[in-house]
Amino acid sequence: HLYINMISFATLLLITLAQATTDDLKLQNSPSGALTVWWYAGIFSGLPDGVTIKLFEIEHNNGWLSCRQQDWAWTCSAQTEFILPLSVRITAMNDEQIIGNDTIWNFNAGVIWDLEDNFVAPIAPTSTQTDSS
């Protein structure tokens, strides 16, 4: 019997993104000093080569508020005040997600949040064994 381990390309990207959460992935508050309880702007750094963020969201009002990607940062505007700390959800281009609980603790300009310690476990890669004779 031959067992073949099958891992999809999307799963490989997830592994790469998940590794970033324990290594270099950081979120920086906008250095402009314009952040408020109504508006947030953040800049990601430390993404592994080949991994692109498709969607960045902030937990708000018992749901997820989608942020917009600008040339310089991801920006989020709220109809009601953001309440600290803010949790974040990041979706990669392969649609895999990771969630950071209580990631953003203030709106101070230029503060860098090290995402290494506050990510819940990403979806574990799965492998399928196929029995081929």
J.: Calculate, to the nearest 0.5 Å, the distance between atoms CG and CD1 belonging to Asp114 and Ile112 respectively.
T.: 9.5 Å
J.: Quick check: is Leu47 connected to Ile98 through a chain of hydrophobic side chains (ILVMFWY, heavy atoms under 4.5 Å apart)?
T.: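 Same cluster.
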J.: Could you pull out all residues at least two apart from Ala109 that satisfy side chain to side chain contact (heavy atoms under 4.5 Å, CB included)?
T.: none
J.: Do Gln28 and Trp113 touch side chain to side chain, with heavy atoms closer than 4.5 Å?
T.: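 Counting from C-beta outward, Gln28 and Trp113 never come under 4.5 Å.
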J.: List the atom pairs, with distances to 0.1 Å, where a side-chain N or O of residues 69-84 and a protein N or O form a donor-acceptor pair under 3.5 Å, not counting sequence neighbours.
T.:
unit_1 : atom_1 : unit_2 : atom_2 : d
Gln70  : NE2    : Thr75  : OG1    : 3.3
Thr80  : OG1    : His60  : NE2    : 3.1
Thr80  : OG1    : Asn61  : ND2    : 2.8

J.: List in chain and number order the residues that pass salt bridge (charged side-chain N to carboxylate O under 4.0 Å, His left out) with Glu57, two or more places apart in sequence or in another chain; answer none if no residue qualifies.
T.: Arg89
J.: Within the 4.5 Å heavy-atom criterion, are Leu27 and Ile104 side-chain neighbours or not?
T.: yes
J.: Only pairs under 3.5 Å count here: list side-chain donor-acceptor contacts from residues 32-46, not counting sequence neighbours, and write none if there are none.
T.:
unit_1 : atom_1 : unit_2 : atom_2 : d
Ser32  : OG     : Ser30  : OG     : 3.0
Ser32  : OG     : Ala34  : N      : 3.3
Thr36  : OG1    : Trp38  : N      : 2.9
Thr36  : OG1    : Trp39  : N      : 3.1
Tyr40  : OH     : Asn29  : OD1    : 2.8

J.: Checking Ser87 side chain against Asp102 main chain: does a donor-acceptor pair fall under 3.5 Å?
T.: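 Between the backbone of Asp102 and the side chain of Ser87 there is a qualifying donor-acceptor contact (under 3.5 Å).
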J.: Measure the CD1-CD1 distance between Ile99 and Ile90 for me, rounded to the nearest 0.5 Å.
T.: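 Output value for this atom pair is 10.0 Å.
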J.: Hydrophobic clustering (ILVMFWY, side-chain heavy atoms < 4.5 Å, transitive) - are Leu65 and Phe107 grouped together?
T.: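 Both belong to a single hydrophobic cluster.
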J.: I need the Lys54 NZ to Thr91 OG1 distance, nearest 0.5 Å.
T.: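 Atom-to-atom, Lys54:NZ and Thr91:OG1 are 7.0 Å apart.
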J.: For Asn108, give me all partners under side chain to side chain contact (heavy atoms under 4.5 Å, CB included), at least two apart in sequence or on another chain.
T.: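 With neighbours one apart ignored, the set is Asn106, Val111.
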